[in-house]
Amino acid sequence: MTLRLHNTLTGAKDPFEPLEEDQVRMYTCGPTVWNFAHVGNLRAFLFYDIVRRHLQVSGYRVTHVMNLTDIDDRILDQAMHAGTTIGEYTKPYAAAFFEDMAALRAERAEQYPRATEHIPEMVEMIATLVANGNAYVADGDVYYRIASFPAYGALSHLDRAGLKAGARVASDKYDKEHVSDFALWKKAQPGDEKIGAAWDAPFGRGRPGWHIECSAMSKRYLGDTLDIHAGGVDLMFPHHENEIAQSEAANHKTYARVWLHSEHLADATGEKMSKSAGGFTTLRDLIDAGHDPLAIRFFLIANAHYRSRVRLSPEALHAAAEQVRRLREFTERVNRATPADSEDAEFAHRIEQVRAGYREALDDDLNLPQGVGLVFDLIREANAALDADRVGPNNKASLLELIDEVDAHLDVMRAEEPGLADEVERLIAEREAARKARDFARSDQIREDLRTRGIVLEDSKDGVRWRRVAPY
RNA sequence: GGCGACGUAGCCAAGUGGCAAGGCAGAGGUCUGCAAAACCUCCAUCCCCAGUUCGAUUCUGGGCGUCGCCUCCA
């Protein structure tokens, strides 16, 4: 089965075929670094991670570009209030973004271009649009002339009439030909110089509008036509629509062949989590509350399909943590298992069935939740087989291969444990001595002490094992 | 007002025109010094009403409900 992806442009699951046979050019909308990313933002970023990983699993070389928006109205406001430059203001949030991504085990993109470092590319594209008649200068501002691009609205399936009715709050200070014309360049305002938010351009000193950065930077790093462009659903209109209008008018080429949009994360009340509405949750908040980043990763990528809304709740995070624990327990068990003398042919067949089913689920528009369901089925069967000593060397090898294939997406099973503190090892040894002496009061005392510190001991016939859990 | 999505067990969730995956929580059991882990067993007439069909949770229409986009937003 070949990879099929739900393309917003066609509204269907289309077979995926990149322009070049083995190479995928992917552009994804990254964070605006005006604040910490909230968990909803991170869901989208981890969605990109799954796309990227599955493309690699499928044999493609992936060039993935994710932008950092380090100039926009909110950043200007904040820097102004803080009495600093936009560069200084955004620095910690950009750093926090990379920390969050690392904590969530997202693979790094090939490029993370920043808007403020690509002003010349943007100015050049805007100049082209003006020269082509797709944009006009109005008192130092430059606007995109939507009337010049008939295909406008094709992605979001909104027609012009609908847009006009929707443009409610657009009557501002600007002098636009049409209410839904959007800014490519904004004339410098008093105060912009002081915070480092103004650049020279043929149409006057100012700063870029939001949408132009993606068109300019994707062209710079990936060329005129992208294989995949991904983002959250809320970017579909107007952001992605505007990108298409800009890029296709400037380059006269198809901008992106496949558009992928991930659904929102909802807060506990069921409403979309959003920065502007206030009351959003960051990764830091969840970690401070005792949640394991691996569980958060699992929840965000595997609890629900990427195109369905998912609600953040402590219960859901707990369930995810339990699933991660089970996956990791299983991985360790298979790793240390002593193979049986003979193979179980029927079990071998089951492993292959699940491997095939898992691949099919992922190929079917990245249905990770379905794939994971199959894996849990097999884990139960495999545990039973291990209990009965029916897992031969080949069976074991197949299981390990399956684990690797699944972990190529999940990346939670092989994630390393922090080393044991010497003191903890000493306590385990002391408890073993107590148990041998049948001093169970002392032995239970030690186990309980460790438990309160977040370490669980398990006795087995192969010796004592430990693992970390949330302390209580 | 326009466009769109969704409604599956206590909770999360996948899925299909033919007896409804998986996880969490819960109940009982096996194992264990006690636990833990693991395993076994149990736990759903798929929002409502019509229609199409031999047969619908799955298709069509209507209703109710929730949410998203149309405005900065992953």
Side-chain angles (χ1 to χ4, degrees), chain A residues 11 28-32 34 37-48 72-74 153 156-159 161-170 180 210 230-239 261-266 269-277 280 298-299 302-305 307-311 313-327 329-330 332-333 357 361 364 367-388 435 438 440-441 443-444 447-448 451 456-461 464-467 469:
Chain A
T28 61
C29 287
T32 300
W34 74 292
H38 66 240
V39 200
N41 300 134
L42 296 173
R43 181 190 187 195
F45 303 153
L46 286 180
F47 162 60
Y48 309 155
D72 88 326
D73 289 350
R74 291 166 300 185
S156 48
H157 309 109
L158 292 172
D159 61 23
L163 295 182
K164 197 169 182 179
R168 283 172 298 208
V169 216
S180 31
W210 172 38
V233 275
D234 48 0
L235 295 184
M236 199 164 90
F237 186 91
H239 183 56
H261 289 101
S262 65
E263 255 299 342
H264 291 309
L265 179 73
T269 69
E271 310 232 325
K272 169 186 168 186
M273 186 179 288
S274 104
K275 284 179 185 169
S276 31
F280 59 85
F298 185 90
F299 168 71
N303 180 69
H305 186 261
R307 282 191 293 114
S308 62
R309 255 184 293 276
V310 56
R311 189 185 294 217
S313 70
E315 295 75 23
L317 284 173
H318 173 255
E322 281 302 304
Q323 292 180 80
V324 169
R325 183 193 57 71
R326 195 162 151 81
L327 289 166
E329 293 274 345
F330 177 68
E332 283 177 34
R333 182 172 187 189
D364 184 11
N367 198 335
L368 193 52
Q370 185 177 46
V372 166
L374 299 175
V375 172
F376 277 111
D377 258 339
L378 185 73
I379 287 181
R380 183 172 24 76
E381 294 165 34
N383 271 318
L386 287 162
D387 283 348
R435 290 181 73 210
R438 303 193 70 77
F440 295 121
S443 132
D444 287 349
R447 182 168 61 189
E448 185 52 27
R451 178 65 189 83
V456 166
L457 300 186
E458 295 173 1
D459 298 331
S460 80
K461 60 178 185 240
V464 183
R465 294 199 297 274
W466 66 276
R467 64 189 160 86
V469 295

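Each chain gets a letter, A, B and so on, in the order the sequences are listed, and its residues count up from 1. Keep in mind it's a predicted model, so treat the numbers as computed, not measured.
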> So, Arg451(A) and Asp444(A), do they make that salt bridge, N to O below 4.0 Å?
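The answer is no: the pair does not qualify as a salt bridge.
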
> Do Val456(A) and Arg325(A) make a side-chain contact, defined as non-hydrogen atoms from C-beta onward lying under 4.5 Å apart?
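Val456(A) vs Arg325(A): side chains apart.
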
> I'd like to check Phe298(A) versus Val372(A) (side-chain heavy atoms, cut-off strictly below 4.5 Å). Are they in contact?
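In short, these two side chains touch, coming nearer than 4.5 Å.
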
> Would you measure the distance from the P atom in U8(B) across to the matching atom in U66(B) and give it in whole Å?
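These two P atoms come out 14 Å apart once rounded.
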
> Roughly how many Å apart are C54(B) and A14(B), using the P atom of each and rounding to a whole number?
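The same atom, P, in both gives a distance of 32 Å.
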
> State the pairing partner of G1(B); accept Watson-Crick or G-U wobble contacts with both distances under 3.5 Å, and report none otherwise.
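Checking every strand shown, G1(B) finds its partner in C70(B), with both distances under 3.5 Å.
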
> Glu458(A): which residues meet the salt bridge (charged side-chain N to carboxylate O under 4.0 Å, His left out) condition with it, sequence neighbours left out?
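Once residues adjacent in sequence are excluded, the partners of Glu458(A) under the salt bridge (charged side-chain N to carboxylate O under 4.0 Å, His left out) criterion are Arg465(A), Arg467(A).
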
> Check whether any side-chain N or O of Ser156(A) sits under 4.0 Å from OP1 or OP2 of C70(B), and answer yes or no.
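For Ser156(A), the contact criterion (side-chain N or O under 4.0 Å from OP1 or OP2 of C70(B)) is not met.
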
> At under 4.0 Å between heavy atoms, what does Gly373(A) touch on the DNA or RNA strands: base, sugar-phosphate, or nothing?
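Base contact.
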
> Rounded to the nearest Å, what distance is computed from the CZ atom of residue Arg465(A) to the C1' atom of nucleotide A36(B)?
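Going from CZ in Arg465(A) over to C1' in A36(B) covers 10 Å.
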
> Provide a list of protein-nucleic acid N or O atom pairs under 3.5 angstrom, restricted to nucleotides 13-15 of chain B.
from	atom 1	to	atom 2	distance (Å)
A14(B)	OP1	His305(A)	N	3.2
A14(B)	OP1	Ser308(A)	OG	3.4
A14(B)	O3'	Asn367(A)	ND2	3.0
A14(B)	O2'	Gln370(A)	NE2	3.4
G15(B)	OP1	Asn367(A)	ND2	2.5

> Taking side chain as C-beta onward, heavy atoms only, is Phe376(A) less than 4.5 Å from Leu327(A)?
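The answer is yes, as the side chains (C-beta and beyond) meet within the 4.5 Å cut-off.
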
> For atom C1', what is the distance between A44(B) and C12(B), given to the nearest Å?
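Going atom to atom, C1' in each nucleotide, I get 15 Å.
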
> Test your reading of the model: is there a side-chain donor-acceptor pair from Arg309(A) to the backbone of Lys272(A), 3.5 Å cut-off?
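Here the side-chain-to-backbone pair does not exist.
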
> With rounding to the closest Å, how many angstrom separate the C1' atoms on C42(B) and C48(B)?
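The same atom, C1', in both gives a distance of 30 Å.
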
> What is the distance from CZ of Phe298(A) to C1' of G23(B), rounded to the nearest Å?
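My rounded result for the distance is 8 Å.
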
> Not counting sequence neighbours, which residues clear side-chain contact (heavy atoms from CB on, under 4.5 Å) with Thr28(A)? List them please.
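If we apply the side-chain contact (heavy atoms from CB on, under 4.5 Å) test to Thr28(A), skipping adjacent residues, the hits are Met26(A), Tyr48(A), His64(A), Met66(A), Ala230(A).
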
> Does the structure show a Watson-Crick or G-U wobble partner for C34(B), both distances under 3.5 Å? Name it, or say none.
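Per the H-bond distance test, none.
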
> How close or far is atom P of G68(B) from atom CE of Met273(A), stated in whole angstroms?
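Value for this atom pair: 13 Å.
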
> Can you tell me, in whole Å, how much space there is between the C1' of U16(B) and that of C59(B)?
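Going atom to atom, C1' in each nucleotide, I get 12 Å.
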
> Please report, rounded to the nearest Å, how far the P atom of C12(B) is from the CZ atom of Phe376(A).
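The distance from CZ of Phe376(A) to P of C12(B) comes to 18 Å, rounded to the nearest Å.
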
> Looking at every strand, decide which applies to Leu386(A) at a 4.0 Å heavy-atom threshold: base, sugar-phosphate, or nothing.
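Nothing: the residue Leu386(A), judged by heavy atoms under 4.0 Å, touches no strand.
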
> So what's A25(B) paired with, Watson-Crick or G-U wobble, going by both distances under 3.5 Å?
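WC or wobble partner does not exist here.
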
> Got Arg43(A) and Glu263(A) here, is their nearest side-chain heavy-atom distance under 4.5 Å?
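Side chain of Arg43(A) against side chain of Glu263(A), heavy atoms only: contact under 4.5 Å found.
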
> Could I get the full list of salt bridge (charged side-chain N to carboxylate O under 4.0 Å, His left out) partners for Arg326(A), not counting sequence neighbours?
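Counting only residues at least two positions away or on another chain, Arg326(A) forms no salt bridge (charged side-chain N to carboxylate O under 4.0 Å, His left out).
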
> Select base, sugar-phosphate, or nothing to describe what Gly231(A) touches, counting heavy atoms under 4.0 Å on all strands.
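Sugar-phosphate: the residue Gly231(A), judged by heavy atoms under 4.0 Å, touches backbone atoms but no base.
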
> Tell me which nucleotide among C40(B), C73(B), A38(B) gets nearest to the side chain of Lys272(A).
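Ranking C40(B), C73(B), A38(B) by closest atom to the Lys272(A) side chain puts C73(B) first.
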
> Please give the nucleotide sitting opposite C54(B) as a Watson-Crick or G-U wobble pair, both distances under 3.5 Å, or none.
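Answer to the pairing question: G18(B), which forms a Watson-Crick or G-U pair with C54(B).
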
> Rounding to the closest angstrom, what is the interatomic distance between C19(B) and A37(B) at atom P?
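Taking atom P in both C19(B) and A37(B), they lie 35 Å apart.
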
> I need the CZ-C1' distance between Arg74(A) and C72(B), as an integer number of Å.
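After rounding, the reported distance stands at 6 Å.
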
> Using a 4.0 Å heavy-atom cut-off to protein, can you give one letter per nucleotide of nucleotides 24-35 of chain B, 5' to 3': B if the base is in contact, S if only the sugar-phosphate is, - if neither?
SS-------BBB

> Could you tell me which residues satisfy salt bridge (charged side-chain N to carboxylate O under 4.0 Å, His left out) with Glu381(A), sequence neighbours excluded, listed by chain and number?
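For Glu381(A), the residues satisfying salt bridge (charged side-chain N to carboxylate O under 4.0 Å, His left out) (neighbours in sequence not counted) are Arg350(A).
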
> Let me know the distance between CG of Leu327(A) and P of A38(B), rounded to the nearest Å.
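Leu327(A) atom CG is separated from A38(B) atom P by 11 Å.
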
> Tell me which of Asn383(A) and Leu374(A) sits closer to the 5' end of RNA chain B, going by the nucleotide each one is nearest to.
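Counting from the 5' end, the first nearest nucleotide belongs to Leu374(A).
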
> Hey, does the side chain of Trp210(A) come within less than 4.0 Å of C73(B)'s phosphate (OP1/OP2), counting only N and O?
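Affirmative; the distance criterion is met.
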
> Determine yes or no for a side-chain-to-main-chain donor-acceptor pair under 3.5 angstrom, with Asn41(A) supplying the side chain and His38(A) the backbone.
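Flag set: sc Asn41(A) to bb His38(A) pair under 3.5 Å.
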
> Please give the distance between the C1' atoms of A27(B) and G18(B) as a whole number of Å.
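Those two atoms are separated by 33 Å.
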
> Could you check whether Asp377(A) gets within reach of a base, just the sugar-phosphate, or nothing at all, counting any heavy atom under 4.0 Å?
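Answer is sugar-phosphate: Asp377(A) comes under 4.0 Å of backbone atoms only.
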
> How long is the line joining CG of Asp72(A) and C1' of A74(B), in whole Å?
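Result: 14 Å.
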
> Now, which nucleotide makes the Watson-Crick or G-U wobble pair with C6(B), with each of the two distances under 3.5 Å?
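Across all strands, the one nucleotide that pairs with C6(B) is G65(B).
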
> Just so I know, are the side chains of Asp72(A) and Trp210(A) near enough to count as touching, which here means a heavy-atom distance under 4.5 Å?
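A side-chain contact is absent here, since even the closest heavy-atom pair is not under 4.5 Å.
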
> Whole angstrom is fine here: how far is it from CG in Leu235(A) over to P in G68(B)?
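After rounding, the reported distance stands at 16 Å.
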
> Using a 4.0 Å heavy-atom cut-off, does Glu271(A) contact any base of the nucleic acid, only the sugar-phosphate backbone, or nothing at all?
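Since only primed, P, OP1 and OP2 atoms lie under 4.0 Å of Glu271(A), the category is sugar-phosphate.
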
> Answer with base, sugar-phosphate or nothing: what part of the nucleic acid does Gly371(A) contact at a heavy-atom distance below 4.0 Å?
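Since no nucleic acid heavy atom lies under 4.0 Å of Gly371(A), the category is nothing.
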
